[in-house]
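In what follows, a structure is listed as structure tokens, so that the remarks can point back to it.
Per chain, numbering begins at 1; letters A, B, ... match sequence-line order. A quick note: this is a predicted structure, and the numbers were derived from the prediction, not measured.
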2 protein chains.
Amino acid sequence: MRVRDKLTDGLPAPTPAEAKIVQLLLADYPLSGLGTAAQIAKRAGVSDPTVARLVAKLGYASFADFQAELLAELEARLHSPLLMMEARRVPAGDDHVARAYIRSATRRMADFSDKVTPAIFDQVEELVMEAPGRVYLLGGRFSRHLAGMLAGYLGQFREGVADLGLCSSETFDRLVDMGRRDVLIVFDYRRYQSDVVRFSEQAAERGVRLVLFTDPWLSPVAAGALHVLVAPVEVESPYDTFLPPLAQVEALCTLIVARRQERIEKRVVEFENAREANGVTMSGATMSGAATKDRNS
Amino acid sequence: MRVRDKLTDGLPAPTPAEAKIVQLLLADYPLSGLGTAAQIAKRAGVSDPTVARLVAKLGYASFADFQAELLAELEARLHSPLLMMEARRVPAGDDHVARAYIRSATRRMADFSDKVTPAIFDQVEELVMEAPGRVYLLGGRFSRHLAGMLAGYLGQFREGVADLGLCSSETFDRLVDMGRRDVLIVFDYRRYQSDVVRFSEQAAERGVRLVLFTDPWLSPVAAGALHVLVAPVEVESPYDTFLPPLAQVEALCTLIVARRQERIEKRVVEFENAREANGVTMSGATMSGAATKDRNS
DNA sequence: TCAATTACGAAATGATATTGACATAACCGA
DNA sequence: TCGGTTATGTCAATATCATTTCGTAATTGA
């Protein structure tokens, strides 16, 4: 039963003081119930114990219990309209699964874009580009592909970038080469993989500075990480989405390029020349892509 | 200034503990900030005074002051649902590079989500899941990670999935095993890689059915492909984005799961058991993630 | 009008929260 | 490697809160 219903129908014969409180709580439901019991009492013009007695009468074990239910309702009310907001344009429901998924993921991205903390990107950018040692990349079963992608970009930006790939027994051998001067970038999303966590912990013990990409539930790696980049992953799908994490990766790369333009340009040009010379990319009618693409299209 | 803005931009260089709190508060904003400071501290894994110090740093006289503003915002939001739209404020222009990028990518995604053609997903789903032979995955320098990710998912859905990884000279040896019964899924975005194109063409000649993920300028592979999935890649960045392509990949997987539930569930459960038995994932307080995750958080 | 019952507030209490002071640990520059 | 600095947890003091107890006022039924 909803809290609101209990307020309206839960009391067969409310006393005058009770009526005052109920009226106040319903006035701008559910916000008025969010403060302390004392505040409610004062605003309703009754004494503190009367409020306590009321919630007890309504069947709650305590005022805290009552407030917890109120919060749960508020959460439901706050979450669903937010996520439905943009979906309403389309008579959702019998939409195609694929399009529904992309819409859902897009909404998640929009939600995420308002919660980005730029400062952490600055810090990670600084750490990764200034690290005197090497930069190692590690990921879980799926997230390792994010690691690989970031490794690909970083390799264009600086030397000494190493993608550890799949975490195997041999991977642990790499630990002996890792130390204070190095940085380890870990991707770990639920369900957190024990080998990734163990490797990260051992690296942290060796003084390696850790950067962690994870979900809001925080991988255990977070404990030893210097910087933690959190991204939402939930969508209307049995699987979690990697779109927000990928957005973080790409945003970080964009930031690095913006900050270290001169240093990177030289390096990228050399790469391009090497690739060109070996005919790696199609020469013909291709547009200038990647790092050198023109911006006017 | 809104509380949320202070959280995202109020700290030029948040300390690790501060970052933890900020992320928690943003995670399900603004509800997570409604409890007591002690609750927040416990959930963020920091001490009570650290929370108090943070709100002080953000310019609030006290924690109560901070919470009062939070409540005021919540009230405004609840009273006029239209205000929720206003939350999508227009960036001032001198926005941080990282956030500007994510906003840009989000807009690209929103644009893309209106242009999805569901039919092609159905066709690809059918082709991939019904193919009597094997399913091969191939990608370019960066896009091969998308291929790897899709390979990871597909491997859970059916047998005979092979990620070809980096296109090397040895990769071409695999051609001899490929034939009419097989499917090759190619990821090729500008700049199109000649080895990927050549491999795909030769596969097509052998009767392998091709599925191509590419950008609007169409990789040369498109000529011999049975199905082509196009996704926009341009953003406000020197690099192209892989967000829309990744969204396609994830949407395809979601579709497959939705269509082949029974068949897949058995397979996934077996995988899970094997992983469980070998302690691959953290056993403790981890939520049930991925395919078996619960949806009530 | 009276007595019994219920409602209610004042004060007290035990618990909890906030915040300041202090100490330790981590970090940074030399 | 070593001071100086900052960050952060521990402890303690104070304030506040929820809740119990008790006494009084209001209400009800005869």
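- Between the side chain of B:T15 and the main chain of B:E18, a donor-acceptor pair closer than 3.5 Å is present.
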Does the side chain to side chain contact (heavy atoms under 4.5 Å, CB included) test come out yes or no for A:M129 and A:R259, once each step is laid out?
CA-CA 10 Å; A:M129 291 307 284; A:R259 289 275 153 82; over 6 Å; no
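- With B:L25 as the partner, the side chain to side chain contact (heavy atoms under 4.5 Å, CB included) test is satisfied by one option alone out of B:I40, B:V51, B:L70: B:I40.
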Shorter than 3.5 Å, N or O on both sides, protein versus nucleotides 6-12 of chain C: list them out with atom names.
residue, atom, partner, partner atom, Å
C:dC8, OP1, A:T15, OG1, 3.2
C:dC8, OP1, A:P16, N, 3.4
C:dC8, OP1, A:A17, N, 2.7
C:dC8, OP2, A:T15, OG1, 2.3
C:dG9, OP2, A:S47, N, 3.2
C:dG9, OP2, A:S47, OG, 3.0
C:dG9, OP2, A:T50, OG1, 2.7
C:dG9, N7, A:R53, NH2, 2.9
C:dG9, O6, A:R53, NH1, 3.2

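- One atom, CD of A:Q123, and another, C1' of C:dC28, lie 15 Å apart when rounded to the nearest Å.
- Spacing between atom CG of B:D65 and atom P of C:dT18 amounts to 13 Å, rounded to whole angstrom units.
- Annotation: cation-pi geometry not satisfied between B:K6 and B:F66 (NZ/CZ under 6.0 angstrom from ring centroid, within 45° of ring axis).
- Rounded to an integer number of Å, the gap from B:L54 CG to C:dT18 P is 14 Å.
- Remark: A:K42 does not engage A:D48 in a salt bridge, criterion side-chain N to carboxylate O under 4.0 Å.
- To the nearest angstrom, P of D:dA7 lies 13 Å from NE2 of A:H227.
- In this structure, CG of A:L127 is placed 12 Å from P of C:dC27, rounded to the nearest angstrom.
- Between B:F142 and A:Y153, the gap from one ring centroid to the other is short of 6.0 Å.
- With hydrogens and angles left out, the side-chain atoms of A:E250 and B:Y239 include no donor and acceptor closer than 3.5 Å.
- For the segment residues 33-43 of chain B, residues with any heavy atom less than 4.0 angstrom from an atom of DNA chain C are, sorted by number, B:T36, B:A37, B:A38.
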